[in-house]
Each structure stands twice: as structure tokens, then as C-alpha cells.
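Just so it is clear: chains get the letters A, B, ... in the order the sequence lines come, proteins before strands, and each one is counted from 1.
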Amino acid sequence: MSDAVARLGAGAIALAETVGALAMFTTRVARAALRPRLDRFETWRMLYRVGVESLPIVATTALFAGAIAVVQTGANVVKFRAYEVVGWAFGFSVFREIGPLLVGLMFSGRVGANNTAQLSTMQVTEQVDALRALAIDPIEYLVLPRVLSMVLMMTTLAVIGNAFALVGGIATSWAMLGVDPWVFWNSFAEYVTLTDFANGVIKAAAFGLAISLVSCHFGLAVRGGALGVGRAVNSSVVASAISIFVLDYFITWILK
Amino acid sequence: MIRLDGVTLVRDGVRLLDDVSFSVPTGQALALIGAGGAGKSLVLKLVCGLIRADSGRVFVDEDEVSALDEVRLMAVRRRIGMVFQNYALFDFVDVGENVAFPLRQWGDLSAAEISARVERRLSQVNLTDATRKLTSALSGGMKKRVCLARATVHDPPIMLCDDPTAGLDPVTTNRIFALLAQLRAENTATAIIVSHEVEALRQACDRVVLLERGRVAYDGAMSDAAQSEHTGLRAFFEAGVAL
């Protein structure tokens, strides 16, 4: 019993330490962002790596997310012969919730994990110390371009993902439910509002910010060699996923 | 001038540096020697402000490095060139960009001036042909030379060299020490050189400090060191000569 309490206490302390360190790191990034000196080359490099290289995986995820949303609602649509609301049901659930959430999780697994691995490798091979020794602030040079790229690209990818999800939804409802694409589109265009779309975009931007801060923090806070890099990537992916769900809950609650 | 006053560094309950004090007058070169784990690399990192001491003070010229925040440390670091033991080269850019890196980031020079400086430095370290190579394609000796070129491309008045010839063959070792001497002479730089190459250090340095388990065991002129009765120093020098 006392062992369990001790473990629980240790876990709580570790969680508080991580949250505290993350808050301090966020403050440092925010302070650096007030006087931004972005390296143009590094920023373009990150925008390409984070955005363009993620496009295929995000497009595939979104396409199937749209299809899944239709498959899930299909039985009830057929049962109630509610073909004229299938576009609205799809748009409401995918644009507001499923789209940004799935794209966020994919983005975290691909971009966030990669980012943590890269920064932690730079840390253990003393490249970050070399930057500091050369009078270059790692927050300005490494972190700011990453945060900017991830927020911008996560938002852009979510918008592009919406388009792919729409294609997936229309195709599936036509093939599976026999709903004419025009009926689907009319229902979608009539009932899905700009607010639904903006809701998803706001979530995507928030997820991008969270993934960038979490992945950069765990990358730069790494201790130890290869083992430390592995642990950092693992912690980063878990923390990013948790922060995505926590943010999703609060944003949904605020924008309801 | 570099000065350490009673510097103590404790990590996980272990005293890695214990009341370390010494100074290096402007223009002089100090050989920092000692067994592995004696705290030599830590001293260099303290001087550069990369780590903080638990007590004691570190000065670089008039600046108390140990009391400066990260923003004000930047100005001090621009006067320092640091050669890392494990190279610490940037793996996301090629050799030429590694050397140009600090100059490009600082933005004080035009692109043409930066190119000229990089070209000159790479030719001094005999790496002109490797300009477009990635650092992963280089041998250990080449990496050390790139590291030296990057650390000195801005002609720093202070040089910190952490084992600049570790793991290198004798010919490359001699070449690197000759290069260090040349670069120091060009800028009348103050230097701390950590190395186990006793003979090369004798040629290159004015003074020697021996660290033993984080404490200064010997501090004196290089010319006196060979005749010193200090057991640790004698052992170090005799082993070095025998090698």
C-alpha cells in the first residue's frame, strides 16, 4: 500500500516537474518571439519539411477520415432515409472534430517525433552547445522557426485535409449509400457554416502550437546518449497526444 | 585574460571541480592537463558560460561570465573560439556552411567577405576540396580541422581547445598544433588547450595547470614544469615523453 502511495507521489512530482519545465520553456520561447530574428534558410527548410513532406500522409489520413465518418453514419442514414442530411453530418463531425484531431495525431507522430529526435540528437552531440558557444541562441535559431512552421503548416494541412476528407466523404456516400454527389454537396453547403470550418482551423493551430512546444522541449531537455534520445521521443509523442486531447476538450467547450 | 576564482561545481552530490583557481594573462597559452574525468572540459565550458558553477567566479577579460545572463553572454562568446572534443559540427549543413555559420548568423559581414574568410580559413586547414562535403563524409582528422576553422573564422582573441588532437595520428596532430600556433600568432590570442600531447603542449604553451580529481594540483610556467618535483606532473610528462 505504502509502495503504491510512494509511486503515485513520485508520478505526481514527475508530472509537476514536466509541466513546470514546459511552462518555463514556453515563457522563453514567448520572450524570444517578442524580438524575433528568424533565420530565413532554417525557416524555409522547416516549412518544407513540416508542410510539404507531411502532405501525402495528411491527405491519406483525411481521405479515410471523411470516408469513415460516412461509413459510421451510413446505417442510420439508410434506416431513416435521411440522405439529405448526410453532407451536414459529415461536415459537422469532420470539420469540427475528427479532421483536426486525426491530422493532429498524425502530425504529432510524424513531425513532432522527428523534431524531438533531431533536436535531442543535436543536444547529445553537443551541436546545441556549439550554437551557444558561437553566440547563437538555440531558441531563436532552432525553436522559433519550428514553432512558426508547425503552427502555419498544421493549420494549412488541416484546411487541405478538409478538402480531401470531403472527397472521401462524397465518394463513400455515393459508392456505399448511393447518395448522389450533388445531394451530398447541397446538404453540406447549406448546413455546414463558416463557424464549423473556423472551429477546426482554430483547433489545428492550437494543436500545431502544442506539438511544436512539446516536441522542442523534450528534444532540448534530453539527458544521456542514444537511450536518452529514445526516451525523449517517446515522452514527446505521449505528451503531444495528451495535450491535443486536453486542448480539444477546452476549445470545444469554449467554442460550443 | 581568463580568470577562475575558487570555482566549485557539484553534480549529483559529486564535486567535479573543487575550489579551482588560476588565471591566463592576455596573449598567453595555458596547457590544461590531467587524467580523464579530472574536470578539464568542464573548465572550458565554464569559461564559455555553457555551464554554471555552484560557487566561485569566472572572468573573461573584464566580464564576469559566471554572473551574466544568456543574452549578455552572447557578447562575450563572440570573442571566444571553442574547439569541441567531439567536433560538435552541424550535420545539417556542409563543411563550408559550418565554417561560415557564425559569420552568417551574426550578420556583420557581407556575403563576399564571408566567402573570402571561409575560403582563407579552409585553405589554412587544407580543406578547400571538402567545402561542399557533408561532415558525415569526413575522417576524424578532417572533422577536427573543420571544427578548428569554424572556431577561429571570426579571429577570436580567446581560444578554448578541448583535446583538439584526440584520436589523431602524429602527423595530423603536429599539423593541428602548428595551425593553432599560427592562428594564435595572427590574433595574439589567449588560449587554454586541453590535450594529452605533452611534447606539443611544451612547444605551444607558456604555462601549465594540472587538474587532479577536480582540484588544481600544479600551476606554473611550462619552462619549470619539466623540472618540477610534483609527482603527478612528473608522471604525466614522463608518460607523455615515453609515448
Side-chain angles (χ1 to χ4, degrees), chain A residues 24-25 27-50 53 114-115 117-146 149 219-226 228-229, chain B residues 11-12 41-42 44-52 60 65 68-93 97-108 135-136 143 146-147 149-154 156 158-162:
Chain A
M24 282 170 67
F25 178 75
T27 311
R28 283 178 64 195
V29 176
R31 207 177 292 159
L34 293 177
R35 41 171 177 77
R37 282 183 57 235
L38 283 172
D39 181 84
R40 220 169 16 171
F41 175 72
E42 181 68 2
T43 307
W44 276 115
R45 204 169 67 94
M46 288 313 300
L47 283 168
Y48 180 81
R49 241 188 63 198
V50 166
E53 289 183 2
N114 187 292
N115 187 43
Q118 196 197 21
L119 290 183
S120 54
T121 304
M122 285 184 74
Q123 183 70 277
V124 299
T125 54
E126 292 186 309
Q127 291 179 60
V128 176
D129 272 348
L131 279 176
R132 294 172 64 213
L134 291 168
I136 298 160
D137 181 2
I139 298 288
E140 272 183 13
Y141 181 75
L142 295 173
V143 178
L144 280 186
R146 281 165 169 75
S149 308
L220 293 177
V222 68
R223 292 286 172 272
V229 173
Chain B
R11 289 289 182 272
D12 300 324
S41 298
L42 293 174
L44 298 192
K45 287 185 176 179
L46 280 166
V47 172
C48 199
L50 298 177
I51 53 172
R52 302 253 174 205
V60 170
V65 171
L68 296 179
D69 60 28
E70 198 68 15
V71 175
R72 286 192 290 174
L73 267 173
M74 294 295 178
V76 178
R77 287 178 184 151
R78 282 193 180 208
R79 308 202 302 268
I80 296 175
M82 184 155 178
V83 176
F84 283 80
Q85 189 175 23
N86 298 315
Y87 324 117
L89 296 175
F90 304 127
D91 52 16
F92 49 90
V93 286
E97 284 304 312
N98 256 283
V99 179
F101 205 84
L103 302 179
R104 284 207 202 291
Q105 291 299 314
W106 298 347
D108 303 334
T135 55
S136 53
K143 284 181 182 173
V146 177
C147 193
R150 184 183 68 181
T152 58
V153 72
H154 56 296
I158 291 163
M159 287 165 63
L160 306 173
C161 303
D162 194 355

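Under a 4.0 Å N-O distance rule, the pair B:K45/A:E126 qualifies as a salt bridge. The pair B:E70-B:R77 meets the salt-bridge criterion, since a charged nitrogen lies less than 4.0 angstrom from a carboxylate oxygen.
The greatest number of non-hydrogen atom pairs below 4.5 Å with chain B, out of A:V128, A:L131, A:T121, is found for A:L131. With chain A as partner, the option from B:N86, B:D91, B:V76, B:L160 having the largest number of non-hydrogen pairs under 4.5 angstrom is B:D91. Counting heavy-atom pairs closer than 4.5 Å to chain A, the top-ranked of the candidates B:M82, B:R78, B:R150 is B:R150. The choice from B:R104, B:Q85, B:Q105, B:H154 that makes the most heavy-atom pairs within less than 4.5 Å of chain A is B:Q105. Between chain B and the options A:M122, A:R37, A:Q118, A:R132, heavy-atom pairs under 4.5 Å are most frequent for A:R132.
Only the side chain of A:D39 comes within less than 4.5 Å of a heavy atom of chain B; its backbone N, CA, C and O stay farther away. Using a 4.5 Å cut-off between heavy atoms, B:F84 touches chain A through its side chain atoms alone. With a 4.5 angstrom heavy-atom cutoff, B:L73 does not touch chain A via any of its atoms.
What you find for A:P145 and A:L38 is that their closest heavy atoms are N-CD2, 3.7 Å.
Inter-residue side-chain proximity for A:T125 and B:Y87 is flagged as unmet; no heavy-atom pair is nearer than 4.5 Å. When side chains are defined from C-beta on, B:P156 does not count as touching B:I80, because their heavy atoms never get closer than 4.5 Å.
Taking the six-membered ring for Trp and thresholds of 30 and 60 degrees, B:F92 and B:F101 have ring planes more than 60 degrees apart, a perpendicular arrangement.
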